Trainee: 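What follows is a single structure, and I will ask about it in a moment.
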Number of protein chains: 2
Amino acid sequence: MHRPRKEMIAETRAKLIAAARQAFGTTGYAEASMDDFTASAGLTRGALYHHFGDKKGLLQAVIAEIDAEMAARVNEVASRAPTRWQHFVDECTTYIEMALEPEIQRIMFRDGPAVLGDPAQWPNASACVGSMTDHLTALQGEGVVVPGVDPETAARLINGASSQAAQRIANSNDPKATSKMVVAAFKQLLEGLLRKPAQQPV
Amino acid sequence: MHRPRKEMIAETRAKLIAAARQAFGTTGYAEASMDDFTASAGLTRGALYHHFGDKKGLLQAVIAEIDAEMAARVNEVASRAPTRWQHFVDECTTYIEMALEPEIQRIMFRDGPAVLGDPAQWPNASACVGSMTDHLTALQGEGVVVPGVDPETAARLINGASSQAAQRIANSNDPKATSKMVVAAFKQLLEGLLRKPAQQPV
DNA sequence: CTATTTCTCATACGCTTCGTATGTAATTGT
DNA sequence: ACAATTACATACGAAGCGTATGAGAAATAG
């Protein structure tokens with residue numbers, strides 16, 4: 001019955017992350033009591049401090065997990081699209097859709113930046129931005145996107161707009177309708193990146 | 001020496017807001033001790049709770065003050081520009097410039113949203129977005145901006161992009177150079193709002 | 001002009017939370 | 001098998017926050 005120790009450790013880490021993710025995503029980081037959510041995982045703060053150093057360390061781990069999931073979803077959806085530009089646009093809209101989940105909004109867009117600072121400076125996270133940057137670079141090479149702009153910069157700006165887009169939809173009392181409006185405005189902004197002569201379909 | 005009571009009250013409120021603004025802007029909201037920064041204003045938490053209800057109430061007051069200042073600055077710069085579109089673009093870049101200040105970034109873009117939620121839902125704030133919305137509406141009426149997009153939605157998206165733009169510049173190790181890059185990319189995005197036939201000068 | 005009421009703000013208390021220091025059982029290396 | 005390390009729990013101290021209470025000055029009334 002003595003399972004290998006590595007698995008036990010991984011299990012407690014996973015339980016801790018899961019419990020924290022639940023608490024941070026609903027109650028919020030600041031209001032989440034470490035005693036409470038560690039207890040909900042059948043553990044104490046002792047385990048938390050041992051594995052993650054402090055509360056912020058645990059938040060980092062939660063964010064890394066969520067970011068990995070988001071990147072996976074984006075990459076999956078990204079696979080099927082006729083043109084690379086469409087591919088890129090789909091990536092953005094998928095990102096917005098994911099950002100609609102309250103847990104992601106709360107942890108990734110509100111508490112995360114407040115506690116850990118600018119997401120651009122996070123060590124592991126923002127895989128989505130990385131992917132968007134790659135596509136923009138390629139699109140620039142193909143002459144679809146205007147040559148002047150820095151891909152990563154553009155990706156970050158779009159990222160900020162996406163976050164606002166998601167919040168606007170999520171806080172609307174008619175999400176269906178506002179979603180139409182917001183995504184339309186968003187795509188319109190994106191077209192600013194296209195070279196004028198090459199009139200791309202929306 | 002007995003100045004009217006109303007003035008005394010206004011003075012303590014102002015002292016409290018100033019001290020909190022200083023503390024929130026540098027130390028950060030969560031790390032700022034109410035005992036400490038009230039003491040730095042020559043007061044105690046008693047005054048704070050009396051006037052603002054709680055820590056969040058004080059943060060709201062600080063945000064209202066900063067927002068008013070930002071709106072004033074934007075409106076001032078807005079006055080002089082040849083075309084309305086240029087006017088709008090200047091407004092955005094001014095917004096980005098203001099967002100470079102650490103105090104504004106910290107309070108308005110990081111701690112504020114984390115503590116009080118989506119800025120779009122704030123009662124008094126976001127006067128800047130209101131101004132941008134007005135200009136976009138007018139530009140749409142003039143046929144400069146594409147008719148499809150909702151002005152306030154677009155203003156919010158641009159606002160999100162501006163925030164990211166400012167953070168990117170502020171966290172750069174070569175702010176001058178990155179500023180050029182970021183503003184260029186930002187303006188490129190804005191051009192997505194322009195009607196294609198009416199080729200507007202950058 | 002005095003008495004009472006109403007403010008403004010300080011003080012005192014309890015509760016919660018966090019971080020650390022310490023303890024203990026289990027596991028690994030030799 | 002014995003020492004050393006690891007993985008957690010427990011115990012303790014230090015803040016911080018919110019409330020309840022109190023004091024003193026100003027406004028108001030008679």
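Residue numbers start from 1 in every chain, and the chains themselves are labelled A, B, ... in the order their sequence lines are given, proteins ahead of strands. All values derive from a computational prediction rather than experimental measurement.
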Trainee: Counting N and O atoms only, with roles assigned by atom type, does the side chain of B:T153 sit under 3.5 Å from a partner on the main chain of B:V149, one being a donor and the other an acceptor?
Mentor: no
Trainee: Among D:dA9, D:dG16, C:dG19, which nucleotide sits nearest the side chain of A:T44?
Mentor: D:dA9
Trainee: Would you say a side-chain N or O of B:T12 is under 4.0 Å from OP1 or OP2 of C:dT8?
Mentor: no
Trainee: Picking from D:dC8, C:dA12, C:dC9, which would you name as closest to the side chain of B:A47?
Mentor: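 For B:A47, the side-chain atoms sit closest to C:dC9.
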Trainee: Round to a whole Å and report the spacing from CZ of B:R13 to C1' of C:dC9.
Mentor: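 Whole-Å distance recorded here is 14 Å.
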Trainee: Counting only side-chain N and O atoms of B:S33, is one of them less than 4.0 Å from OP1 or OP2 of D:dG16?
Mentor: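 Indeed, a polar side-chain atom of B:S33 lies that close.
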Trainee: Find the distance A:M34:CE to C:dT20:P and express it as a whole number of Å.
Mentor: 10 Å
Trainee: Could you check whether B:G42 gets within reach of a base, just the sugar-phosphate, or nothing at all, counting any heavy atom under 4.0 Å?
Mentor: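 Sugar-phosphate contact only.
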Trainee: Restricting to non-hydrogen atoms, name the atom on A:A165 and the atom on A:V182 that form the minimum distance, rounded to 0.1 Å.
Mentor: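 Residues A:A165 and A:V182, closest heavy atoms: CB-CG1, 3.3 Å.
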Trainee: Say whether, by atom type as modelled, one donor and one acceptor occur between the side chain of B:Q140 and the main chain of B:V146 under 3.5 angstrom.
Mentor: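 Indeed, once roles are kept as given, a pair shorter than 3.5 Å links the two residues.
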Trainee: Using whole Å, report how far CG of B:D54 lies from P of D:dG16.
Mentor: 17 Å
Trainee: Measure the distance from CG on B:L58 to P on D:dG18 and round it to the nearest whole Å.
Mentor: 11 Å
Trainee: With a 4.0 Å cut-off on heavy atoms, is B:L48 in touch with a base, just the backbone sugar-phosphate, or nothing at all?
Mentor: nothing
Trainee: How far apart are the C-alpha atoms of A:R156 and A:D118, what are their side-chain angles, what is the distance that settles it, and do they pass the salt bridge (Lys or Arg N to Asp or Glu O under 4.0 Å) test?
Mentor: CA-CA 11 Å; A:R156 291 274 172 205; A:D118 182 14; 5.9 Å; no
Trainee: Can you work out whether A:G46 or A:A32 has the more 5'-proximal nearest nucleotide on DNA chain C?
Mentor: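 Taking each residue's closest nucleotide, the earlier one in sequence belongs to A:A32.
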Trainee: May I ask you to evaluate whether A:K55 reaches the phosphate of C:dG19, defined as a side-chain N or O under 4.0 Å from OP1 or OP2?
Mentor: no
Trainee: Identify whether the distance between the nearest side-chain nitrogen and carboxylate oxygen of A:D111 and B:R110 falls below 4.0 Å.
Mentor: no
Trainee: Round to a whole Å and report the spacing from CG of A:D36 to C1' of C:dT17.
Mentor: 10 Å
Trainee: A:H51 or B:Y49: which one's nearest nucleotide on DNA chain D is closer to the 5' end?
Mentor: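 Counting from the 5' end, the first nearest nucleotide belongs to A:H51.
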Trainee: Whole angstrom is fine here: how far is it from CZ in A:R45 over to C1' in C:dG19?
Mentor: 7 Å
Trainee: Does a nitrogen or oxygen in the side chain of B:H50 sit under 4.0 Å from OP1 or OP2 of C:dC9?
Mentor: no
Trainee: Before accepting this row, confirm whether a basic side-chain N of the pair A:E101/A:R73 lies closer than 4.0 Å to the acidic partner's carboxylate O.
Mentor: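 Result for this pair is yes, salt bridge flagged.
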Trainee: Over how many whole Å does the gap from A:E11 atom CD to D:dA7 atom P extend?
Mentor: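 These atoms are roughly 14 Å apart.
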Trainee: Could you report the tightest heavy-atom contact between B:L59 and B:G112, atom names first, then the distance?
Mentor: CD2-CA, 4.4 Å
Trainee: Bend angle of the helix from C:dC1-D:dG30 to C:dT30-D:dA1 from five-pair axes at both ends, rounded to 10°?
Mentor: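 Taking the rotation axis at each end, their angle is 10°.
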Trainee: A:F52 CZ to D:dC8 P: how many Å, rounded?
Mentor: 10 Å
Trainee: Could you check whether B:E69 pairs with B:R21 (Lys NZ or Arg NE/NH1/NH2 to Asp/Glu carboxylate O, under 4.0 Å)?
Mentor: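 B:R21 and B:E69: salt-bridged.
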